[in-house]
Amino acid sequence: MERFCDLKEEITAFLLRSKLKRAETYLTQILDDNFIADVCFLCDIFRHLNDLNMRLQGRDKTVIDLVKQMDVMSFAQNPFTAATHQDLSTKANNGPARFWCNVNVHQFPIIKKVAVRLLSMFGSTYTCESSFSHMNMIKNSYRCSLTDSTLNHCLRIALTSYEPNIHALVQNKRCHFSH
């Protein structure tokens, strides 16, 4: 659609030179200012939606990220910005997941339950799609006899974002020479 807006003059010139009857219909539409305004408006809307879609893709994206991208409902992100609970407000700076783990379930049972559910929702299908892609690569026709346990371990390794410090691990190991 953006390309159509960019090429409006070239398309108009092409339709003016065309001898087809349908070209007249399209020419009247492309010369109509209201039609072009609607097309350009849709072009802008789709560009914003595509940008939003790209920002929400990737690992560890939650519904909170979706809401943050749309600048709406920041309740679960930092719920006590205006509260007088100074100790809770300082805990909120560690991130929403850690904050809600530290909130007393007996003191705020309903709000904690809602926040934990909200934080556990994925903002996109990226994680699920990535998991299935990795599973299909791991369990292929040559490795079809993998047990569920082995497949689970392989998936955990493939999908984790943890990177071990190999240098520190090697430093802690001692070499045992045989006599």
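We count residues from 1, following the sequence as given.
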Between the CD1 atom in I30 and the CD1 atom in I36, the distance rounded to the nearest 0.5 Å is 5.0 Å

task = Check the hydrophobic clustering (I, L, V, M, F, W, Y; side-chain heavy atoms under 4.5 Å; chains of links allowed) and say if M137 and F132 are grouped together.
result = no

Using a cut-off of 6.0 Å, state whether more than 12 heavy atoms not belonging to F35 lie near its atom CZ. yes

Where the side chain of T160 meets the backbone of I157, is there a donor-acceptor pair that is under 3.5 Å apart?
no

So OH of Y26 and CZ of F14: to nearest 0.5 Å the spacing works out to 11.5 Å

When rounded to the nearest 0.5 Å, the distance separating CG of L15 from CZ of R22 is 11.0 Å

task = Taking the side chain as every heavy atom from C-beta outward, state whether H134 and S130 have any atom pair closer than 4.5 Å.
result = yes

Q) In the single-linkage hydrophobic clustering (I, L, V, M, F, W, Y; side-chain heavy atoms under 4.5 Å), do L20 and L27 co-cluster? A) no

When rounded to the nearest 0.5 Å, the distance separating SG of C43 from CG of D6 is 7.0 Å

Notebook entry, point to check: Should the heavy atoms of other residues, nucleotides or ligands under 6.0 Å from CD of E9 be counted, would the total exceed 12?
Noted result: no

So CG of D38 and CD of Q29: to nearest 0.5 Å the spacing works out to 11.0 Å

What side-chain donor-acceptor pairs closer than 3.5 Å can you find for residues 146-156, not counting sequence neighbours?
{"unit_1": "T147", "atom_1": "OG1", "unit_2": "T150", "atom_2": "N", "d": "3.1"}
{"unit_1": "T147", "atom_1": "OG1", "unit_2": "T150", "atom_2": "OG1", "d": "2.9"}
{"unit_1": "S149", "atom_1": "OG", "unit_2": "H153", "atom_2": "NE2", "d": "3.4"}

Interatomic distance, CG@L159 vs CD1@I138, rounded to 0.5 Å, equals 7.0 Å

| task | Would you indicate whether L169, at its atom CG, is surrounded by more than 12 heavy atoms from other residues, nucleotides or ligands within a distance under 6.0 Å? | result | yes

Donor-acceptor contact below 3.5 Å, side chain N140 vs main chain N136: no

key: Over 12 non-hydrogen atoms of neighbours within 6.0 angstrom of CG in N165   = yes

